[in-house]
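These notes are about the structure you will find just below.
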Amino acid sequence: MTPAELAVAIRRILVQMQADGSLSAAELPAEIVVERPKNREHGDWATNAAMQLSGTFNLTPRAFAELLAPRIEALDEVSKVDIAGPGFINITLNLASAGMLARTIVEAGSAYGKGEALLGLKMNLEFVSANPTGPIHMGGTRWAAVGDSLARVLAFQGAEVTREYYFNDHGEQIDRFARSLLARAKGLPAPEDGYGGEYIEQIANAVMASATKDILALEDEAAQEAFRAAGVELMFQEIRESLHEFGVDFDVYFHENSLHESKAVERAISRLRELGHVFDEDGAIWLRSTEFGDDRDRVIVKSDGKPAYIAGDLAYYLDKRERGFDRCLIMLGADHHGYVQRMMAMCAAFGDEPGVNLEILIGQMVNLLRDGEPVRMSKRAGTVVTMEDLVEAVGVDAARYALARSSSNSQLDIDLSQLSKKTNDNPVFYVQYAHARTQQVAVNAKSMKVDHSMFDPALLNHPTETDLLAKLGELPRLAQQSAEFREPHRIARYIEEVAGSYHRWYDNCRVIPLADKPVEAIHSTRLWLNDAAGVVLRNGLGLLGVSAPERM
RNA sequence: GCGCUUGUAGCUCAACGGAUAGAGCAUCUGACUACGGAUCAGAAGGUUGGGGGUUCGAGUCCCUCCAAGCGCACCA
């Protein structure tokens with residue numbers, strides 16, 4: 001029996017109690033919380049239903065628990081129930097129904113843990129969206145790891161997820177990039193507000209090599225335009241390639257430029273004008289965003305007639321909604337959090353619901369250290385640590401795991417000197433090793449004639465076995481929470497616990513009989529459990545976009 | 001000055017408002033002639049930044065102070 005099934009059973013009992021009059025009529029929560037008690041001695045599962053519902057029924061938690069507990073105990077799958085502390089109901093399953101989980105998991109395989117919390121939702125997840133003016137740095141790398149994992153987590157709950165990259169190929173930053181390329185090609189130093197570094201030279205050289213005519217012979221303006229067009233395209237390809245090697249592939253690369261060329265910006269503005277949220281002042285066009293909680297109104301089109309940055313965002317958001325996305329999620333770095341209010345105001349101005357149709361996830365910065373000292377980075381000097389640098393130092397799996405395992409609203413410190421010498425302190429290896437072990441145990445078992453032919457779940461009675469089973473049973477709930485809170489790091493923490501439980505079990509319980517002993521039901525049954533652990537570890541690593549190796 | 005995020009073990013970080021605040025790394029002590037020792041068992045390490053409040057119950061919610069990062073444009 002899984003905890004989810006237990007929760008459903010408890011809810012059914014409550015409904016029954018209302019039907020037979022032992023409880024008054026009142027609204028029940030859609031879901032009863034069943035979780036693992038921290039202390040193993042408290043049983044397999046615990047529910048705080050009595051504490052949460054006592055108020056609704058005007059009873060003390062204790063009294064409510066005493067009413068409910070006997071009925072839970074009457075369930076076939078339950079062997080023992082007791083009430084503890086302020087009103088926790090601790091539940092112990094009988095061994096056979098607890099052990100059945102092993103088989104359930106193996107039979108479900110890659111589907112084990114899936115949920116339907118977001119079934120039918122069309123979600124657009126925009127992340128990274130780094131400017132094509134240079135390689136992806138650490139911040140972008142973090143969002144690539146977290147965002148891709150989040151996309152997997154959301155899809156695991158039934159959402160139809162589109163990964164999208166907003167490609168900022170319009171505006172001032174791009175002009176600076178083009179000027180930097182031109183300067184480099186001419187052998188001049190990088191402009192004051194421009195970009196430096198080796199990659200600028202490489203791109204500049206590549207642009208000249210692929211050009212059909214001598215760009216440097218052109219007038220500055222034309223030359224700059226030539227560098228812009230070709231340079232952006234090359235940079236874009238390089239970024240895509242880095243992301244691909246990082247295991248992140250976007251479904252849509254959206255070009256900001258296309259919004260301007262297709263007149264989508266004008267359409268978005270006139271739409272807002274129709275809705276009465278736009279006004280003209282000082283020769284500029286403004287969005288009356290204060291009406292929707294912003295601290296000031298925002299200029300959409302500057303008095304020189306050029307669109308402000310937000311103009312593109314207006315059109316882009318509208319475009320996403322017109323493409324049928326119910327939920328638009330955008331991941332931004334903390335250096336852009338000042339942007340949230342106006343984006344939400346914009347969403348409301350279109351008549352949508354901020355926080356629902358548009359959700360902005362802010363992630364904190366990554367601090368790079370070397371031997372404990374902060375590393376100063378400068379785009380202009382080109383001393384930026386890139387995604388490729390990190391991957392080269394530790395590999396894709398270790399990099400993704402390290403970036404995805406902690407909450408993105410806390411700043412992350414990464415010490416380069418530590419990464420480059422010892423990678424073993426990354427818990428990813430602990431988890432991967434556990435998975436590899438499940439695979440090799442299965443291989444060895446097969447050669448020793450241990451197979452799935454027998455299954456007697458009541459035999460899984462060692463403390464490390466009941467512990468492992470209970471842990472494996474938590475994946476569905478964990479996966480759902482991870483999606484609900486948009487926090488993929490919970491998956492990482494969970495599989496680390498699973499790996500720990502698995503290793504402890506392995507140390508105590510043999511799957512393969514000793515050389516002179518026969519194969520018995522216990523061995524077969526344990527093979528099911530071993531394989532179930534493998535499934536959970538594999539599914540968990542999969543949600544993080546990290547490989548689950550057969551051997552290491 | 002205003003706003004957002006954060007403050008938990010020596011370090012990096014966990015903990016739907018739930019029971020004795022947990023992992024990994026680092027340190028120390030142990031464990032294979034038994035399915036992979038990248039493992040396991042154990043020790044040590046904490047006034048959850050300080051102070052108030054809300055309630056059956058607070059690391060978590062509210063107020064306040066302190067500290068750190070980031071942001072407050074007709075820049076993008």
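Chain letters run A, B, ... following the sequence lines, proteins first and then strands; every chain starts at 1. Below, each value reflects all heavy atoms present in this structure, side chains not excepted, and no hydrogens, waters or symmetry copies.
Within 4.0 Å of A:His170, counting heavy atoms only, lie sugar-phosphate atoms of the nucleic acid but no base atom. Heavy atoms of A:Arg510 sit under 4.0 angstrom from at least one base atom. Using a 4.0 Å heavy-atom cutoff across all strands shown, A:Ala84 reaches at least one base atom of the nucleic acid. Backbone-only contact: A:Asn444 has heavy atoms under 4.0 Å from sugar-phosphate atoms and none from a base. Within the 4.0 angstrom heavy-atom criterion, only backbone atoms of the sugar-phosphate kind lie near A:Tyr430; the bases stay farther away. Within 4.0 Å (heavy atoms only), A:Glu35 reaches at least one base atom of the nucleic acid. If you check every strand for non-hydrogen atoms under 4.0 Å, A:Ala46 touches a base. Residue A:Gln173 is classed as a sugar-phosphate contact, given heavy-atom separations below 4.0 Å to backbone atoms only. Within the nucleic acid shown, A:Arg342 comes within 4.0 Å of at least one base atom, counting heavy atoms only. If you check every strand for non-hydrogen atoms under 4.0 Å, A:Tyr339 touches a base. As judged by a 4.0 angstrom heavy-atom cut-off over every strand, A:Asp282 is placed among the base-contacting residues. Using a 4.0 Å heavy-atom cutoff across all strands shown, A:Arg298 reaches no nucleic acid atom at all.
Among B:rA19, B:rA15, B:rG37, the nucleotide with an atom closest to any side-chain atom of A:Tyr433 is B:rG37. Of the listed nucleotides (B:rG69, B:rC16, B:rA14), B:rA14 has the atom at the smallest distance from the side chain of A:Ser406.
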Using atom names, set out every protein N or O paired with an N or O of nucleotides 60-62 of chain B below 3.5 Å, distance rounded to 0.1 Å.
none

Do any N or O atoms of the protein come closer than 3.5 Å to N or O atoms of nucleotides 53-56 of chain B, and which pairs are they?
none

Just the table, please: protein N/O against nucleotides 1-5 of chain B N/O, every pair under 3.5 Å.
unit_1	atom_1	unit_2	atom_2	d
B:rG3	N2	A:His337	NE2	2.3
B:rU5	O2'	A:Gln364	NE2	3.1
B:rU5	O2'	A:Asn409	O	2.8

List every contact pair, protein side and nucleotides 42-46 of chain B side both N or O, where the distance is under 3.5 Å.
none

5'-to-3' dot-bracket of RNA chain B (Watson-Crick, G-U; under 3.5 angstrom; crossing pairs as [ ]; | other strand): (((((((..((((....[...)))).(((((.......))))).....(((((..]....))))))))))))....
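Across A:Arg510, A:Arg526, A:Arg504, a single residue satisfies salt bridge (charged side-chain N to carboxylate O under 4.0 Å, His left out) together with A:Glu465, and that is A:Arg526.
Annotation: side chain to side chain contact (heavy atoms under 4.5 Å, CB included) contacts of A:Pro191 (sequence neighbours excluded): A:Arg179, A:Ser180, A:Ala183, A:Asp193.
Neither OP1 nor OP2 of B:rA76 sits under 4.0 Å from any side-chain N or O of A:Arg176.
Position along RNA chain B of the nearest nucleotide to A:Gly500 versus A:Pro307 favours A:Gly500 as the more 5'-ward residue. Taking for each of A:Glu496 and A:Glu550 the nucleotide of RNA chain B with the nearest heavy atom, the 5'-most of the two is the partner of A:Glu496.
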